[in-house]
Amino acid sequence: MYWHNLFVPTLREHPADAEAVSHKLLVRGGFIRQLTAGVYSMLPLAQRTLLKITDIVREEMNAIGAQEFYLPALNPASVWRESGRWDVMGDNMFRLKDRKGAELCLGMTHEEIFTAIARNELRSYKQLPQIWYQIQTKFRDEPRPKSGVLRVRQFTMKDSYSFDLDTDGLDKSFDLHDAAYRRIYSRCGLRFAVVEASSGAMGGSASNEFMVASEAGEDWIASCASCGYAANVEKAVSRLEPVPDGSGLDAPEKFATPGIRTIEALVTFEGGAAAHNQIKTYVCVLDGKLTLALLRGDHELNETKIKDAVGANDFRPAQPDEIFEALGAHPGSLGAVGVTTYPVIADEALRGRTSMTTGANENDFHLRGVNVERDIKVTKWASLRTVKAGEGCPRCDATLEVNKSIEVGHIFKLGLKYSVSMGANVLTQDGREVPIVMGSYGIGVERIMAAAVELYHDADGICWPVSIAPFEVVVTPVNFTDEAMRTAAETIYRELKAAGVDVILDNRDERPGVKFKDADLVGIPFRIVVGPKKLKENKVEFFTRSTKTNEDLDLASVVAHVRNVVAEAKAKLR
RNA sequence: CGGGGCGUGGCUCAGCCUGGUAGAGCGUUCGGUUCGGGACCGAAAGGUCGGAGGUUCAAAUCCUCUCGCCCCGACCA
């Protein structure tokens, strides 16, 4: 490929509306252009990178015996109604009607479609296990698309689904994916972490997320550098220092707290209590049901955790008037002592605590001396709080750190959710009909591209890992109109190409500075500069983008050398 | 959905408060000089000022509505 013929609309300045580094550089480097909010056109450079990523994905998926499909993005409502997700997905699903008025949607993921195929075609345990995948466009009407290609409304996903006879089989399929995913991200050059995650509305028993630490990320990951524990804060737990309780009372004692409405105010109030000796009562509505969440005064509720704890899809804080109607007091004076008509979900940190202070469900009154297990009817104990950096690791003596990360992949043990709701069953060896045990596994393709940019860039532009760079090598003649330089550059280009190197020749009639700047910005890992002075000594320069180092190479050996360097760089990513 | 911001040549932005001939830099085209890190000189093309309505002799500028985009929050397999 000659640069002159390639469409690479680089920009001298950063786009005004970009915030994330990957957004700025992908736009500036001529990789992507926005069509509308959360929808991007992939220009030739991005397409080259994405194809390299999907090639790697295909190789690794095929290597675990997965089979590629290509399923419709346009789906009938009926399949989604069967699984129950037509309603669950709410406004996040793009919906439309055809000319006859039939309801359709654009697929957000493909559990339903694959399961529909499975239930019609998989009949016997002899046909299992199966791993099916596709690389397809997914549509999600995100409330707030952002950060360029990181959070969008239309994107490419590799999604696979495993079909097994039993949970042992599922465990194997899950582990195969886990291993394949690690190879995929390694080969793409990403530094990543595998963390425990909430299974959320997908249902299922276990799930791992593949995360790339980055400021542009939207997930918070708690991790332990010492033992390797890592989990999304929607799931993470921590070890807390024990808190001393007071001597206790035989029964809770009501006391007046005029005007006291916050945990903080009660700390300094005469006769009040330290935050960690208070119970925070948070009233929320889960799937339409009023529920009390109890936490230590200085802890924060994690919405995902409480949703997971009760298996709810929908969460919202309760309105002040519905709280008053239910408990007879306003926020600031709430408590769970004596509450029996509503579910009370208590955070593990409250287990065994005594001498606690909490609202009395009467405005301007609190209770002290509350013994949680004696005085409160707890419906369910669960981890509800968001862990914080500096707290103890739950698995070892070290402390946790909390970092922002980009989710580039997610693998779930789905279990029976879809096979039961949609009736995908097989016969076992002894003739029993059992639902297929499923797993679901996703990879965000554009997110890999963006995460790589977030990870590898400098003031001059992108520094792609060789495996996913739009080109591996650029040959830059300082002056292409000069006969000698032109001949040398074209020869090197031709021979590199013949040697299997993905190379581009910058044949533009531009000043050298322009060509260097563009090559740096676009992020081509290696550059061969053919300049007038060195050429007279039969030498060229070899520049490594990531380290910004230069070395002189003999014209005679440059092709062999560069081919080897590229091969080694790729091999390192295996 | 709540809060904030922005829509002016291809890009980055000024002009708006205080209404009166639409600007700059970059990019593009042509001519010339240059040629190892986004050159220089000269000339030129290119804009219904997001859209609709209103106020006014006169609207990019003031008012109303509307659409789009960005950021924070909410939300998010």
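So that the names make sense, note that chain A is the first sequence line, chain B the second, and so on, each numbered from 1.
- Atom P of nucleotide rC11(B) and atom CG of Leu11(A) are separated by 9 Å, given to the nearest angstrom.
- Going from atom NZ of Lys24(A) over to atom P of rC70(B) covers 15 Å, rounded to whole Å.
- Ring geometry for Tyr493(A) versus Tyr2(A): interplanar angle over 60°, hence perpendicular rather than tilted (30 to 60°).
- In this structure, Lys146(A) reaches the sugar-phosphate backbone alone: every heavy-atom distance under 4.0 Å involves primed, P, OP1 or OP2 atoms, never a base.
- Side-chain atoms of Lys158(A) and Thr54(A) form no donor-acceptor pair, as typed in the model, at a separation below 3.5 Å.
- Using a 4.0 Å heavy-atom cutoff across all strands shown, Glu541(A) reaches at least one base atom of the nucleic acid.
- No contact: Pro9(A) has no heavy atom under 4.0 Å from any strand.
- Of the P atoms belonging to rA59(B) and rG19(B), the separation is 13 Å, rounded to the nearest Å.
- In this structure, Glu303(A) reaches the sugar-phosphate backbone alone: every heavy-atom distance under 4.0 Å involves primed, P, OP1 or OP2 atoms, never a base.
- For the P atoms, the distance from rU55(B) to rG10(B) is 32 Å, rounded to whole Å.
- Along RNA chain B, the nucleotide nearest to Thr36(A) and the one nearest to Thr10(A) differ in position, and the one closer to the 5' end is contacted by Thr10(A).
- One interatomic measurement links the two molecules: CZ of Arg12(A) to P of rG10(B), which rounds to 18 Å at whole-angstrom precision.
- Among the heavy atoms of the strands lying under 4.0 Å from Arg527(A) is at least one base atom, whether or not backbone atoms are also near.
- Note: CZ (Arg316(A)) to P (rA74(B)) measures 17 Å, nearest angstrom.
- rA14(B) and rU8(B) have their P atoms separated by 11 Å, given to the nearest Å.
- Nucleotides of RNA chain B nearest to Tyr40(A) and Ala16(A) differ in position, and the one nearer the 5' end is that of Ala16(A).
- At whole-Å resolution of the value, CD in Glu510(A) and P in rG36(B) are 14 Å apart.
- If you check distances only, the side chain of Arg511(A) does reach the base of rU34(B) with a donor-acceptor pair under 3.5 Å.
- Evaluation of atom-type donor-acceptor distances gives no pair under 3.5 Å for the side chain of Arg33(A) against the base of rG10(B).
- Here the options are Tyr441(A), Tyr161(A), Phe163(A), the test is ring pair (Phe, Tyr, Trp, His ring centres under 6.0 Å), and the partner is Trp132(A); only Phe163(A) passes.
- For Glu13(A), counting side-chain heavy atoms from C-beta on, the closest listed nucleotide (rC11(B), rC69(B), rG38(B)) is rC11(B).
- Between the NZ atom of Lys534(A) and the C1' atom of rG36(B) there is a distance of 10 Å, rounded to whole Å.
- If you check distances only, the side chain of Asp520(A) does reach the base of rG37(B) with a donor-acceptor pair under 3.5 Å.
- Within the 4.0 angstrom heavy-atom criterion, only backbone atoms of the sugar-phosphate kind lie near Ser147(A); the bases stay farther away.
- Contacts of Pro145(A) with the nucleic acid, taken as non-hydrogen atoms under 4.0 Å apart, involve only primed sugar atoms and P, OP1 or OP2.
- Here, rC62(B) and rC17(B) have their C1' atoms 11 Å apart, quoted to the whole Å.
- Between rU61(B) and rG36(B), the distance separating the two C1' atoms is 49 Å to the nearest Å.
- Taking the six-membered ring where tryptophan is involved, the planes of Tyr181(A) and Phe210(A) are tilted, since the angle between them lies from 30° to 60°.
- Between the side chains of Ser160(A) and His177(A), at least one donor-acceptor pair of N or O atoms lies under 3.5 Å.
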